[in-house]
Amino acid sequence: PPAAKPLPAYVAWKDPETLIVHSNQTIETKRGAIGTSLVTDEDRLYIRNNVNPPPDSILADRDGWRVEIAGVREPRTLTVAELKGLGLATVATVLQCSGNGRKYFQDKLTGGQKISGTPWTVGAAGCVIWSGVPLKAVVEALGGADGRARFITGTGGEELPAGLKPKDVIVERSVPIANLDTVILAWEMNGKPISLAHGGPLRMIVPGYSGVNNIKYVKTVALTEQETDAKIQASSYRMHGVGEKGSPSQPSVWEQPVRSWITAPLEGAKAGRNQIVGVAFGGMNAVSRVEVSVDGGATWREAAFVGPDLGRFAWRAFVLPVDLPAGRHVLASRATDAKGNVQPEESEINGGGYSHNGWRGPALTVEVA
Ligand code: MSS
């Protein structure tokens, strides 16, 4: 295999043993490094940047970071210190790139069709605990929403590369205003101030929504009548056919679908009793059930959840003890959410390779000795 790429400087503190560096802006957690203690440590959490992150000097005065709040009756710019006085919420969410699992779509393409983008398998995802202020409390403190608001629009604080149209590169995303009940502006991740790489000093978290909607180093939060016309919203991250162009008329990559994958055993399994373990989540809904197959999906058995339930936006670890004879086995998992949505065998293919949730793609072929 080619030599592993080194970690770029801004994430040199991460654990290289647990990560696959696709590029400086796309770093995936190894499947065997996901673990079963639910919370993904920042030393191994995946990274995805659409443009270069800001300099780490923005962390020099975290409490002094300013965010403009617009689309409310009394629009204002607030510091993180002021936000800390307005309320507190803690939520566990699955942070997952919209393109997680893209490789499984790419692998199925024939006849010159192409899906470009990082070939993530299962590792562009983690489960993270965030603390911050409920956006609703901020809006109420500023006189309430402007009557026409239909979306929450967050803007990233990076400096935009010169020579390009700002709308083509700015990281600005809109989500439906119904999320006002769950969105938080977070300054803490897994018990520490949020690192620059993961969006410190302040990040907009939209629980249940795919990664791109969770704006790092957020500098503006606006309640807007329209979705932003930034390219990342208008034509990118849209669901459309292979080879087609994105447009605002297509569904945006917002709510995450139900999903699961097995994380062990990956290799070195011995004949006899094996513990098949993995993670499962329902995206917007709680995950209610996981089944495991050791015969490539011919038959299924119910797995048990292990560990605490961190809430409907988090993932749960699962286990199924099985006796495996020597030989080759195809292990798969299939989750169901609280609304009865079940992972399909195959997700419908789409041109951006987004929102993969088929169970066949991440199935594992293991050699038991
Ligand atoms: N934010 C900002 N500001 N910038 C950028 O670039 N990206 C996205 C999100 N946010 C960005 C932001 C994406 S796209 C993702 S996934 C996420 O983020 C990631 O995260 P981390 O922390 O892991 O890196 Mo796909 O859907």
Side-chain angles (χ1 to χ4, degrees), residues 7-8 10-11 13-14 18-29 34 39-55 58 65 67 93-102 117-120 122-130 153-161 166 168-175 183 185-186 188-190 192-221 228 230-233 236-239 246 252-257 259 283 350 352-356:
L7 286 167
Y10 73 101
V11 286
W13 47 270
K14 286 190 181 257
T18 61
L19 295 162
I20 303 157
V21 180
H22 293 284
S23 74
N24 281 359
Q25 314 286 26
T26 50
I27 303 171
E28 174 163 6
T29 309
I34 292 170
V39 175
T40 310
D41 193 273
E42 64 174 351
D43 73 353
R44 63 194 55 199
L45 182 62
Y46 83 99
I47 286 280
R48 163 69 171 130
N49 293 313
N50 297 66
V51 293
N52 283 329
I58 68 166
W65 177 262
V67 58
T93 72
V94 173
L95 181 70
Q96 176 183 226
C97 186
S98 316
N100 197 31
R102 180 181 287 120
T118 306
W120 307 108
V122 296
C127 185
V128 175
I129 304 187
W130 310 97
T153 298
T155 312
E158 28 301 77
E159 229 178 86
L160 300 179
D168 286 352
V169 282
I170 195 165
V171 179
E172 186 169 88
R173 290 281 301 174
S174 303
V175 300
V183 169
L185 302 181
E188 191 177 300
M189 185 182 111
N190 298 345
K192 288 191 232 169
I194 305 176
S195 59
L196 177 78
H198 293 297
L202 192 71
R203 186 167 188 171
M204 183 171 98
I205 302 300
V206 187
Y209 275 48
S210 73
V212 68
N213 301 289
N214 296 263
I215 302 295
K216 306 193 221 188
Y217 6 89
V218 64
K219 69 164 187 197
T220 306
V221 176
T228 169
K231 184 170 178 240
I232 196 171
Q233 177 86 14
S236 304
Y237 297 90
R238 294 278 171 181
M239 299 297 276
S252 192
V253 178
W254 278 337
E255 300 186 2
Q256 304 182 98
R259 205 162 172 195
N350 66 90
Y354 297 128
S355 299
H356 189 280

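Order of listing sets the numbers, starting from 1, for every ligand and every atom in it. This one's a predicted model, so the numbers in the text were calculated from it and none came from an experiment.
Two rings, from Trp120 and His356, have their centers 6.0 Å or more apart.
Residue Val253 does not touch ligand 1, judged by heavy-atom distances below 4.0 Å.
Taking every heavy atom of Tyr237 and a limit of under 4.0 angstrom, the matching atoms of ligand 1 come to 14 (S), 26 (O). The contact set between ligand 1 and Ser98, taken as ligand atoms under 4.0 Å from a residue heavy atom, comprises 25 (Mo), 26 (O). Below 4.0 Å from some heavy atom of Gly156 lie the following atoms of ligand 1, by number and element: 3 (N).
The protein heavy atom nearest to atom 9 (C) of ligand 1 is Gly211 O, 3.3 Å. Residue, atom and distance of the protein heavy atom nearest to atom 23 (O) of ligand 1 are Tyr46 O, 2.7 Å. With respect to atom 25 (Mo) of ligand 1, the closest heavy atom belonging to the protein is Cys97 SG, 2.5 Å. In this structure, atom 11 (C) of ligand 1 lies nearest to the protein heavy atom Asn50 OD1, 3.6 Å.
A donor and an acceptor atom, one from each side chain of Thr155 and Glu172, are located under 3.5 Å apart.
Compare Val169, Val212, Val11, Ile47 by their heavy atoms: the one nearest to atom 13 (C) of ligand 1 is in Val212. Looking at His198, Gln256, Met204, Arg203 and measuring to atom 18 (O) of ligand 1, the nearest heavy atom belongs to Arg203. Of the listed options Lys219, Lys216, Glu158, Lys216 places a heavy atom closest to atom 21 (P) of ligand 1.
Partners of Thr18 under the side chain to side chain donor-acceptor pair (under 3.5 Å) rule, at least two apart in sequence or in another chain, do not exist in this structure.
In this structure, Lys216 contributes its side chain and Gly156 its backbone to no donor-acceptor pair below 3.5 Å.
Each of Val175, Leu95, Val94 was checked for a side chain to side chain contact (heavy atoms under 4.5 Å, CB included) with Tyr209, and the lone residue meeting it is Val175.
Contacts classified as salt bridge (charged side-chain N to carboxylate O under 4.0 Å, His left out) and involving residues 39-49 (residues at least two apart or in different chains) are given here: Asp15-Arg44, Glu42-Lys192.
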Can you check side chain to side chain contact (heavy atoms under 4.5 Å, CB included) on Arg173 and Trp254, steps first, answer last? CA-CA 10 Å; Arg173 290 281 301 174; Trp254 278 337; 3.6 Å; yes
Gln96 and Arg259: side chain to side chain contact (heavy atoms under 4.5 Å, CB included), yes or no, with the steps? CA-CA 11 Å; Gln96 176 183 226; Arg259 205 162 172 195; 2.6 Å; yes
